Amino acid sequence: MVAKKILLLDGNSLAYRAFFALPLLTNEHGVHTNAVYGFTMMLQKILEEEKPTHIVVAFDAGKTTFRHETFSEYKGGRQKTPPELSEQFPYLRKLIDAYRIKRYELPNYEADDIIGTLSLEAEQAGDEVIVISGDKDLTQLASPSTTVYITRKGITDIEKYTVDHIQEKYGLTPQQIIDMKGLMGDASDNIPGVPGVGEKTALKLLAAHGSVEGVYEAIEQQKGKLKEKLVENEELALISKKLATIERNAPIDIKIDELVYSGPDHDELIQVWNELAFKSLLEKMEYTAEETVKEELEFEVLQEIDAAILEDEMAVHLELYDEQYHTCDLLGVSLATAAKTYVVPMDVIKHSEAFKTWFRDDTKKKYMSDSKAATAAFYRCGIEVGGVDFDLMLGAYIVNPSLTYTDMANIVQEYGYTDVAQNEQIYGKGAKKAVPEDSILNEHIARKARTIWEVRPLVLKKLEENEQFELYYNLELPLATILGAMESLGVKVDKEQLTAMGEELSLKLAEIEKNIHWSAGEKFNINSPKQLGVILFEKLGLPALKKTKTGYSTAADVLEKLEGQHEIISQILMYRQLGKILSTYIEGLLKEIHEDGKVHTRFQQALTTTGRLSSINPNLQNIPVRLEEGRKIRKAFVPSEPGWLMVAADYSQIELRVLADMSKDESLIDAFKHDMDIHTKTASDVFHVPIEQVTSDMRRAAKAVNFGIVYGISDYGLSQSLNITRKAAAEFIDTYLKSFPGVKNYMDSSIQSAKKNGFVTTLMNRRRYLTDINSSNFNLRSFAERTAMNTPIQGSAADIIKKAMIDMAEALEREGLQTRMLLQVHDELIFEAPPEELEKLKVLVPQIMENTVQLNVPLKADFAFGDTWYDTK
DNA sequence: AAAATCACG
DNA sequence: ACGTACGTGATTTTC
C-alpha cells in the first residue's frame, strides 16, 4: 500500500478568503463566481503539486456550535455573509462533487473540528496530512506528519506551517498557538482574550511560562498594569483558550478510507466550469486532457468493395474535413456492423457501383450521424442516399436539445461512450489544421461508424423512454433528407442586381458619412459605438439614456428617443440602416454565392433549444423585410429556371393559434374560429370597447401584449416595447390575463409542470429541460419561467411547420410537380415553381399547411407569388 | 474572443 | 427587491 497523503480543506474559510481576495466576477446570468473561481484555482494548484490520495472538504454546519454553550457571544458581531457569497455555495458544492471529492459537515461543529478530528486520526495511523485554510487558528494542528497551509493575500499564495516554521516565526509549539489565542483573543471570532494583551505580550508570556495555566501559576512574577489585567481576566483567558481549542474528538461518522480521491468526473467538471464560465480553465483542461485509453478497434481498409459485405443494416459514416459540407473535402467512408468495421477511401467509394447501388437502396438500413451533411456532400459526387434509418446526432438532439451537437465525440460522451476522438484532436485547429497521416485518419473514421453502431441502442432506448421515438423517426429523420435536398438545390441570387445595389448604396453611405462628420465637427468611426458615444454624449452633450457594460449605449431604441434633439441622430440611424444592408446583405451575401450562381445555406437541425431550425452561411432566415430599403434585397432572390416564379406561403399567427389550442382559452379559440384580427380582438377585450371602436394605438398596444404573451411576459419587457412605465405595463398584463383566463391558467400550469418534471414539452413531445426552474437565483429562475411559457409555443409551431414540410415534399412528389421547396423561415415556406403549376399550388400549398395537424382552432396559411422573392407579397 | 448592434420569425 | 421580453446569425470594433 502506497503511503496516504490526506488533504483536509476548510471549505468555508477558503470560500471567504477567495471571495474577498478576488474582484466580483460574474457569469452571463449575473451569478457571482469569484469565490468558486478562487477555490478552484487553489484546488487545482494543490492537486497538481501535492497529488493527494485522499481529500475531504469540511464545511461549517448551521450557525450555532457547542462553543456557543461556553460563550454565547462567540463569533458575535460578525458581518452577515454577503449575498454575493452565499449564492456561490451551491455552485461550490456542485464543483466539489464534480471533482468527486467528499464534502462533510456536522451539526453543532465547525469545519475546524472536523479537520482536527480527521487529522488526529490520520496522525495516529501514521499518514501524512495537509490542512488548508485561510484561518491561522488551524496552525495548532501542525505536527511532524501534519502541515498546515494558510492562504496569503491572494488565494493560491500559500504559507506552509510546519512545527519548525511555527517555532521560527513565533517561538511556539503548535499547541501553544491555542494559549496565544487565549491570551490575546481573536477579533474575527469575537474571542475576548485578556484585554490589553496583544501578540507581543502574549508571546513574551508564553516564552516564559509555556501556557495560559503556566502564566497564572506564576502570576506573582507579573507586576503593574499587566498583572492587574491578567488577574482581573483569568476566567476570560481560560474561556478564550477553550474557545480557540479545536475539538479533535468530534463525533464524525466518516472514515479516512472513504475519502479516496481518484480524479474528477471530467464531463461533470466541464459542465460546471461551463456554467460558471471558467473559460481559461476549460481551455487548459482541453489542452492537458489526457488521451483516454480507448478500446482497441480492428478495422479493414478496403481498396475495393465487394457487394457481399454490404449488409441490410449498417452504420455508415462519411468523414468531412469541416462543417461546410457544401464545399469541403470528403475524407473517407466507414462502415460498421456488429462484427466488422471497414474504412473505404473516397476514390474507392466514388468508383464503386456496388456501394452506390446499395447506398441508394431504400430497403437497406443506414445508421448515420448528421445524415443531412452526408446527403448534401455525397450529392456533389452524384451519390444518392436512401434508407437512412438512424441519425445519431438528431436522436441525441431530440433527447436533449440544450446540448451542443457538433463533434461526435461530444455527442456520445452523454451516453458514456468515449472511444472516439474529437475532430480537433485529429485535425488540429486554426492555422495548424491539417489532415493527418492515413493510419490516424483511418482509425478516426473507423471509430465513427463503430461509435454510431454502439451508441444507437442507447439513444433509441432514451427516445422510447421519453415517448419521443415518433417525433424523432417520423419527423426529424425524414426532414433531414428534405432539408439536405433544399440546401443542395440552393437559391439563385442575381449577382449583378446585388452589385448594382451595392454601388448605389456605397455612394449614398459616403454622402451620409460626410454629413455626420460635418454635424459632429470631426471625423470618427461611426461604426464604433465607443467613438460614437464620445461624440454624442460628451462632445455634443446629448443625454445618455442607457448604458452598456462598457459605456454608453448607442442602440437604435436609444437614439430614436434622441431624434429631434440633433440632426446627427437621424443621420446616424440612416447610416446604420444602410450600412447593415451593405455589409451584411450585399457584400456578405455576394461572398456566399457559389459557382452555380446560387447560395446554399445550411439549415442547422440540431441546434436550437426550442426545435426551430437555424440557417447559416448564409443566414436566409433574416433577409430584410420590415423596411422597404432592406426589403429590396429580396429582389435579388430569383427562380433558378427562366420564366419560373417565386412562391411564398406563410402561416398567419401560428404561435397565437398554438397558444389558443394549448391553453383552451375560449375567447382566443372563438377569435380564431371566426378568423378575427387577433390584435384588434385583443384590444377590444383589454380596453373593453367594441371591435369597431378599437383605435390603431389600441391595436398596437394589444399587439405588443400578444408578443409578450408568446415570449413569457414580464412587465418590464412590455414596458420597454411600448415605451410606458413598468407599472402601466403590469396593469396592462393584468387586464389581459383577466380577459383571457385560459391563457393565465396555461402560463401557470406550464411553470408548475416545469417545476415538477424539470422540463416542458411541445405538441409533438419535443422536450426542453429547465434546470434553473427551481433556482434560488431570481434571474435564473425568472428566465426559466419565461422559457417554460415560451418553449411549448415556439416549439409546437416548429413541430407543425416541420410536419408540413414533410407532407409538402410528399405531395410535390405524388403530384409529379416540378415545383421545388427552397427555404423555411420559421412560419413560411419559399418555393420556385413553373408558372403552369401555379393554379394547383394556390390550392395545394395552403391546404397542406393548414391540415398537417388538427388543432382546436383552424390554421391559416397565406399564399403569394411573383418574379422575385420581393414580389411574393 | 467578446461585446455591441441589428437583421429575421 | 431582484433586472428581462423568446429564438436565431452576421458584421464590426475592441481587447
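A, B, ... follow the sequence lines: proteins, then strands. Residue 1 opens every chain. Owing to the predicted nature of the structure, the values given are computational and were not obtained by experimental measurement.
For A:Thr610, the side-chain atoms get nearest to C:dG7 when compared with the rest of B:dA7, B:dA4, C:dG7. Closest contact between the side chain of A:Ala555 and the listed nucleotides C:dT8, B:dG9, B:dT5 involves B:dT5. Here B:dA3 is the nucleotide among B:dA3, B:dA7, C:dT14 with the atom lying nearest to any side-chain atom of A:Thr550. Looking at the side chain of A:Ser782, the nearest of the listed nucleotides B:dA7, C:dG7, C:dG3 is C:dG3. Picking from C:dT8, B:dA3, B:dG9 the nucleotide with the shortest atom distance to the side chain of A:His826 gives B:dG9. The side chain of A:Phe778 approaches C:dG3 more closely than any other nucleotide in the set C:dT4, B:dC6, C:dG3. Here the side chain of A:Ser614 is nearest to one of B:dC6, C:dA5, C:dT8, namely C:dT8. Of the candidate nucleotides B:dC8, B:dA4, C:dT4, B:dA4 has the atom lying nearest to any side-chain atom of A:Pro529. Ranking C:dG7, C:dA5, C:dG9 by closeness to the A:Phe783 side chain, first place goes to C:dG7. Residue A:Ile616 has its side chain nearest to C:dA10 when only C:dT12, C:dG7, C:dA10 are considered.
Counting to the nearest Å, the C1' atom of C:dC6 and the CG atom of A:Leu613 are 16 Å from each other. A:Glu785 has its CD atom 16 Å from the P atom of C:dT4, to the nearest Å. The separation between A:Trp869 atom CH2 and B:dC8 atom C1' is 9 Å, rounded to whole Å. Atom pair A:Tyr711:OH and B:dG9:P shows a separation of 10 Å (rounding to whole Å applied). Look at CG on A:Leu578: it is 13 Å from C1' on B:dC6, rounded to the nearest Å. What separates CG of A:Asn527 from C1' of C:dT14 is a distance of 13 Å, to the nearest Å. Regarding A:Leu780, its CG atom lies at a distance of 12 Å from the C1' atom of C:dG3, rounded to whole Å. Atoms NZ (A:Lys549) and P (B:dA2) sit 11 Å apart, rounded to a whole Å.
Residue-level contact check: A:Ile623 touches the backbone only, with heavy atoms under 4.0 Å from sugar-phosphate atoms and none from bases. Using a 4.0 Å heavy-atom cutoff across all strands shown, A:Asn619 reaches sugar-phosphate atoms only and no base atom. As judged by a 4.0 angstrom heavy-atom cut-off over every strand, A:Asn617 is placed among residues touching the sugar-phosphate backbone only. No engagement by A:Arg602 is indicated, since no non-hydrogen atom pair under 4.0 Å with the nucleic acid exists. A:Ala704 comes within 4.0 angstrom of a base, heavy atoms only. At a threshold of 4.0 angstrom between heavy atoms, the contacts of A:Gly588 are confined to the sugar-phosphate backbone, with no base atom among them. Heavy atoms of A:Leu607 sit under 4.0 angstrom from primed sugar atoms or phosphate atoms, though from no base atom. Nucleic acid contact class of A:Glu655 (heavy atoms, under 4.0 Å, all strands): none. Across all strands shown, A:Ala798 has no heavy atoms under 4.0 Å from either base or sugar-phosphate atoms. Residue contacts for A:Val825: at a heavy-atom cut-off of 4.0 Å it reaches the sugar-phosphate backbone alone, with no base atom in range.
Residue A:Arg726 places no side-chain N or O under 4.0 Å from the OP1 or OP2 atom of C:dG3. Using a 4.0 Å cut-off, no side-chain N or O of A:Ser615 falls inside it from OP1 or OP2 of B:dC8. OP1 or OP2 of B:dC6 has at least one side-chain nitrogen or oxygen of A:Arg576 nearer than 4.0 Å. Contact annotation: A:Thr609 side-chain N/O to C:dT8 OP1/OP2 distance is under 4.0 Å. The side chain of A:Lys580 places no N or O atom within less than 4.0 Å of a non-bridging phosphate oxygen (OP1 or OP2) of C:dT12. Distances shown here put every side-chain N or O of A:Arg786 at or beyond 4.0 Å from the OP1 or OP2 atom of C:dT4. At B:dA4, none of the side-chain N or O atoms of A:Thr554 fall inside 4.0 Å of OP1 or OP2 (strictly under the cut-off). A close approach under 4.0 Å does not occur between any side-chain nitrogen or oxygen of A:Asn790 and OP1 or OP2 of C:dG7. Contact between the side-chain N/O atoms of A:Gln604 and the OP1/OP2 oxygens of C:dG9 is found at a separation under 4.0 Å. At C:dT14, one or more side-chain N or O atoms of A:Gln531 fall inside 4.0 Å of OP1 or OP2 (strictly under the cut-off). For A:Thr584 and C:dT11, the shortest distance from a side-chain N or O to OP1 or OP2 is not below 4.0 Å. Side-chain nitrogen and oxygen atoms of A:Arg626 include at least one within less than 4.0 Å of the OP1 or OP2 phosphate oxygen of B:dC8.
Side-chain N/O atoms of A:Gln604 and A:Tyr405 include no donor and acceptor closer than 3.5 Å. Looking only at atom types and distance, the side chain of A:Asn779 has no donor-acceptor partner in the side chain of A:Ser782 under 3.5 Å away.
When side chains are defined from C-beta on, A:Val638 does not count as touching A:Met646, because their heavy atoms never get closer than 4.5 Å. Inter-residue side-chain proximity for A:Asp494 and A:Lys635 is flagged as unmet; no heavy-atom pair is nearer than 4.5 Å. With contacts defined as side-chain heavy-atom distances shorter than 4.5 Å, the pair A:Trp869/A:Val491 does not qualify. Counting heavy atoms from C-beta on, the side chains of A:Val845 and A:Met808 come closer than 4.5 Å.
The salt bridge (Lys or Arg N to Asp or Glu O under 4.0 Å) search around A:Asp677 returns A:Arg699, not counting sequence neighbours. Qualifying salt bridge (Lys or Arg N to Asp or Glu O under 4.0 Å) partners for A:Asp370, counting only residues two or more places apart in sequence or in other chains: none.
Both A:Lys530 and A:Thr608 sit near DNA chain C, but only A:Thr608 has its closest nucleotide nearer the 5' end.
In this structure, B:dA3 and C:dT12 make a Watson-Crick or G-U wobble pair, each of the two defining distances being under 3.5 angstrom. Across all strands shown, C:dC2 has no partner, as no Watson-Crick or G-U wobble contact with both distances under 3.5 Å is found.
Donor-acceptor pairing under 3.5 Å, judged by distance alone, is present between the side chain of A:Gln794 and the base of C:dC6. Under 3.5 Å, the side chain of A:Ser721 and the base of C:dA5 form at least one donor-acceptor pair of N or O atoms. Counting atom types as modelled, A:Ser714 pairs a side-chain N or O with a base atom of C:dT4 as donor and acceptor under 3.5 Å.
Nucleotides C:dG3 and B:dA7 have their C1' atoms positioned 26 Å apart, rounded to a whole Å. Only the P atoms considered, B:dA4 is 12 Å distant from C:dT4, to the nearest whole Å.
Remark: A:Arg766 engages A:Glu476 in a salt bridge, criterion side-chain N to carboxylate O under 4.0 Å.
Because its NZ or CZ atom is not both nearer than 6.0 Å to the ring centre of A:Phe740 and within 45° of the ring axis, A:Lys744 does not count as a cation-pi partner of that residue.
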